[in-house]
**Student:** 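Below is the structure I would like to discuss, written out as structure tokens.
All values derive from a computational prediction rather than experimental measurement. Naming convention: chains lettered A, B, ... in sequence-line order (proteins, then strands); numbering from 1 in each chain.
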Amino acid sequence: MLLGDEAIAQAGIDAGMSGIYAYPGTPSTEIMEYVQASKEAKETNIRALWSANEKTAMESALGMSYAGKRAMVCMKHVGLNVAADGFVNSAITGANGGLIVVAADDPSMHSSQNEQDSRFFGKFSFIPILEPSNQQEAYDMVHYGFELSEKFHIPVLLRITTRLAHSRTGVDLKTKLPQNEIKLPDNLRQFVLLPNIARKQYRELLDKQPNLEKESANSGFNSLSEGPVKSLGIIACGLANNYLMENFQDEEIPYSVLKLTQYPVPVDMISQLYDASDAILILEDGYPIIEELLRGILNSGKVIHGRLDGTVPRDGELNPNIVGKALGKQFRIGSEAPAFIKGRPPKLCDGCSHTDAFVALNEALEPYGKGRVFSDIGCYTLSALEPLEAINSCVDMGASITMAIGAADAGLVPAIAAIGDSTFTHSGITGLLDAVNNNAPITVLILDNSTTGMTGGQTSSAFGKVEDICRGVGVSEEHIKVLKPLRKFHEENVKTIKKELEYQGVSVIIPRRECIQTLGRRMRQKAKVKAAQL
Amino acid sequence: MKKDIILAGVGGQGILSIAACIGMAALSEDRHIKQAEVHGMSQRGGAVQSHLRLSSKPIASDLIPEGKADLIIAVEPMESLRYLPMLQDNGWIITSINPFVNIRDYPPIETILQEIWKQPQHITIDADQIAKECGSVKAANMVILGASSPFLDLKVENLEKAIRSIFGSKGEDVVKLNLAAYHAGLAYAHKNG
């Protein structure tokens, strides 16, 4: 029984992967965690450490591919934005050892700021995409993806969504392959994207496309099944295929169906379905990408149903009922949930250090009024909600410091940034350098709980380094203050924050106390070891 | 044979341990299984649910269709009602009566219980009290598993084996506690189901 994420990790181990690179992000985190916990991976020396961010992870994986070995890099969908520079250009350098980029999308935004569809990035970059419809296929596609990557010397994007990532089922494993030996690229200028080389490489990338399309048609992952009823033909992408099948548990599907799980789009298969059907229904667990392409701007062909004509909701993830409704099926759903049921949103844990830090900040800010705290991505983002209502922004990793600079430039002084330790080393350091170089009158709270909390307590790249980094970037020593966020130090902490708010330059305040979750885990582990010794 | 189960609770209450026990027992009886879990942000004290599907035939969707669940197993009473649209007409609700109050406007527990008792098939159980009698309130989730087990079409011995295996690394005392809690829940279901 493996989660989709775990199936991908196990497949990497079995397919001779030499290294995995990642920054934690729901729903992708468990891929790296699985490899880190795997005995097999340890025995075969598979490199498995967290990177500072998705861009450094992407580039490190590309470096391993350069050296001829198989590498995987994993991230959530918005992480691909961070890694985009390396990702897009890796299509032009091409790969040497097999390179798989896993992007875990989050339609319905269960744990994210948006529901962007990574298939767009694949298409944008001319990188082939594999979109598994179930956990077994996710496993098989890693094996195939490495082969594809090495055959065409190109990175492969494995696009999954939350449901697949976090759903568990039985998976059959393949025979284990050995890792590649070090082997430099045949052409030692392959990875040198000087314009005259890049132009040639780009041309080669374009020339690969027809053959990649042939792969899509012939690999067996895409399949066209013909049905007797011609009124409708269905294109079901990735996971949508399962929801379609769920609606035909006790009967054959009467329609022709194209199961689409590998891109670039196999045009012949699409046109076969199109010609054989009066209308087309497109089911995509993400953006209506194939739907827009098939419609074209003028939508002057056959009737195309999907997210754009309202047959399927325009946003949010699919489920069996949405797909059933799109097919005109009638359901008997259970009774309505009673109206008195209240929402139960996530919140900061009891005893969380962030709570004490924000209670102090709120009090220190009272003379200035609300609306000046720019924050970031992590557990502390929950302090936007009741009862703290302490922050006013959450945009992308690192945006707290830089947005505070802009607001201060506009005259909103003091402006405050609140960022976690792991987010700080992910994307906050360059922003802090900007602040120092501008002598921006901002106060930066680096909320140091010594872990990457929101995703379950992974090692933070910032651990033990926060003050040194701030000094190195140029924050003056007397404006780097470390606090202990505990109720008993509240008055003292408020005083310190107030003082720094008055300073007309960059101050960094570091409220530091270990995450209550990782602390608990550590204590339980300690007790266990002690018990075993007795 | 097919069982579609919604597991409901609040992040940190142990619904994934219940799911793991059922999943392991089902595996030993050669069932196909799919289990969709909630990870990430919502785990921080928010409402969480898991879709657990067991079948003798291959399973297509990771999610249970609305109105098709055979069981709602809940470790928190208000959470048991949140997923009513998922439950089929003759489905069962098995829930703890112990509220987990971490929101300001939590409705009166009497209102919640009366609504549960209005449902055609239900078992409500004071899981905290029974778990305490077994040795620790921490085993309340296993009381709920016990109370659910007559509806799972799985052998008691296989569920016992699963509990042993899942809690085995925590020592024999923890295994014993969880087995006792499981059996206390099972006995309650036989008496009150």
**Student:** Salt bridge check, Arg53(B) against Glu246(A): does any charged N sit closer than 4.0 Å to a carboxylate O?
**Tutor:** yes

**Student:** For Glu157(B), is there an ion pair with Lys155(B) - N to carboxylate O distance below 4.0 angstrom?
**Tutor:** no

**Student:** Going by atom types only, do Thr29(A) and Glu33(A) share a side-chain donor-acceptor pair under 3.5 Å?
**Tutor:**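 Side chains of Thr29(A) and Glu33(A): no pair found under 3.5 Å.
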
**Student:** So, Thr451(A) versus Asn449(A): side-chain donor-acceptor pair below 3.5 Å or not?
**Tutor:**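 No, because no side-chain N or O of Thr451(A) sits under 3.5 Å from a partner of the opposite role on Asn449(A).
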
**Student:** So which residue, Ile64(B), Leu27(B), Ile33(B), ends up with the most heavy-atom pairs under 4.5 Å with chain A?
**Tutor:**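 That would be Ile33(B).
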
**Student:** Report yes if the side chains of Ile391(A) and Phe358(A) come closer than 4.5 Å at any heavy-atom pair, otherwise no.
**Tutor:** yes

**Student:** Go through the atoms of Cys379(A) and report whether side chain, backbone, both or neither lie under 4.5 Å from a heavy atom of chain B.
**Tutor:** side chain

**Student:** Taking side chain as C-beta onward, heavy atoms only, is Tyr182(B) less than 4.5 Å from Leu159(B)?
**Tutor:** yes

**Student:** Relative to chain B, which segment of Leu239(A) carries a heavy atom at a distance below 4.5 Å: side chain, backbone, both, or neither?
**Tutor:** side chain

**Student:** Would you call Asp70(B) and Lys2(B) a salt bridge, taking side-chain N to carboxylate O under 4.0 Å as the test?
**Tutor:** yes

**Student:** Do you know which of Lys68(B), Lys170(B), Arg104(B), Lys57(B) has the most heavy-atom pairs under 4.5 Å to chain A?
**Tutor:**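 Greatest number of close heavy-atom pairs with chain A: Arg104(B).
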
**Student:** Taking the six-membered ring for Trp, are Tyr380(A) and His354(A) parallel (under 30°), tilted (30 to 60°) or perpendicular (over 60°)?
**Tutor:**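 Rings of Tyr380(A) and His354(A): perpendicular, over 60°.
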
**Student:** For Ile322(A) versus Pro313(A), what's the shortest heavy-atom pair and its separation?
**Tutor:**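 The answer is CG2-CD, 3.5 Å.
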
**Student:** Pro387(A), Pro345(A), Gly343(A), Gly334(A): which one forms the most heavy-atom pairs within less than 4.5 Å of chain B?
**Tutor:**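 Heavy-atom pairs under 4.5 Å are most numerous for Gly334(A).
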
**Student:** Using a heavy-atom distance cut-off of less than 4.5 Å, which residues of residues 106-120 of chain B contact chain A?
**Tutor:**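 Residues in range: Tyr106(B), Pro107(B), Thr111(B), Ile112(B), Glu115(B), Gln119(B).
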
**Student:** Tell me the closest heavy-atom pair linking Asn102(B) and Gly45(B), and the distance in Å.
**Tutor:** ND2-O, 2.9 Å

**Student:** I'd like to know which of Lys342(A), Arg163(A), Met245(A) tops the heavy-atom pair count under 4.5 Å against chain B.
**Tutor:**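 Max contact count across the listed options: Lys342(A).
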
**Student:** Got Lys34(B) and Leu54(B) here, is their nearest side-chain heavy-atom distance under 4.5 Å?
**Tutor:** no

**Student:** What residues of residues 76-87 of chain B sit under 4.5 Å from chain A when you count only heavy atoms?
**Tutor:**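 Listed by number, the contacting residues are Glu76(B), Met78(B), Glu79(B), Leu81(B), Arg82(B), Leu84(B), Pro85(B), Leu87(B).
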
**Student:** Could you walk me through whether Lys76(A) and Asp106(A) satisfy the salt bridge (charged side-chain N to carboxylate O under 4.0 Å, His left out) test, starting with their C-alpha distance in whole Å, then the side-chain angles of each, then the deciding distance to 0.1 Å, before giving a yes or no?
**Tutor:** CA-CA 8 Å; Lys76(A) 67 184 293 171; Asp106(A) 191 18; 5.1 Å; no

**Student:** Between Asp89(B) and chain A, which part of the residue has a heavy atom less than 4.5 Å away: side chain, backbone, both or neither?
**Tutor:** side chain

**Student:** Does either side chain, that of Ser422(A) or that of Thr452(A), offer a donor lying less than 3.5 Å from an acceptor on the other one?
**Tutor:** yes

**Student:** Which atoms of Phe331(A) come close to chain B, meaning under 4.5 Å heavy atom to heavy atom: side chain ones, backbone ones, both, or neither?
**Tutor:**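 The answer is neither part of Phe331(A).
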
**Student:** What part of Leu2(A) gets within 4.5 angstrom of chain B, counting heavy atoms only: side chain, backbone, both, or neither?
**Tutor:** neither

**Student:** Which bit of Asn241(A) is near chain B, if near means a heavy-atom gap under 4.5 Å: side chain, backbone, both or neither?
**Tutor:** neither

**Student:** Does a donor on one side chain sit under 3.5 Å from an acceptor on the other, for His110(A) and Glu317(A)?
**Tutor:**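 Side-chain D/A pair, His110(A) to Glu317(A): present.
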
**Student:** So Lys161(B) and Asn158(B), do their side chains get closer than 4.5 Å, heavy atoms only?
**Tutor:**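 They are in contact (side-chain heavy atoms under 4.5 Å apart), so the answer is yes.
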
**Student:** So which residue, Ser61(B), Gly171(B), Gly67(B), ends up with the most heavy-atom pairs under 4.5 Å with chain A?
**Tutor:** Ser61(B)

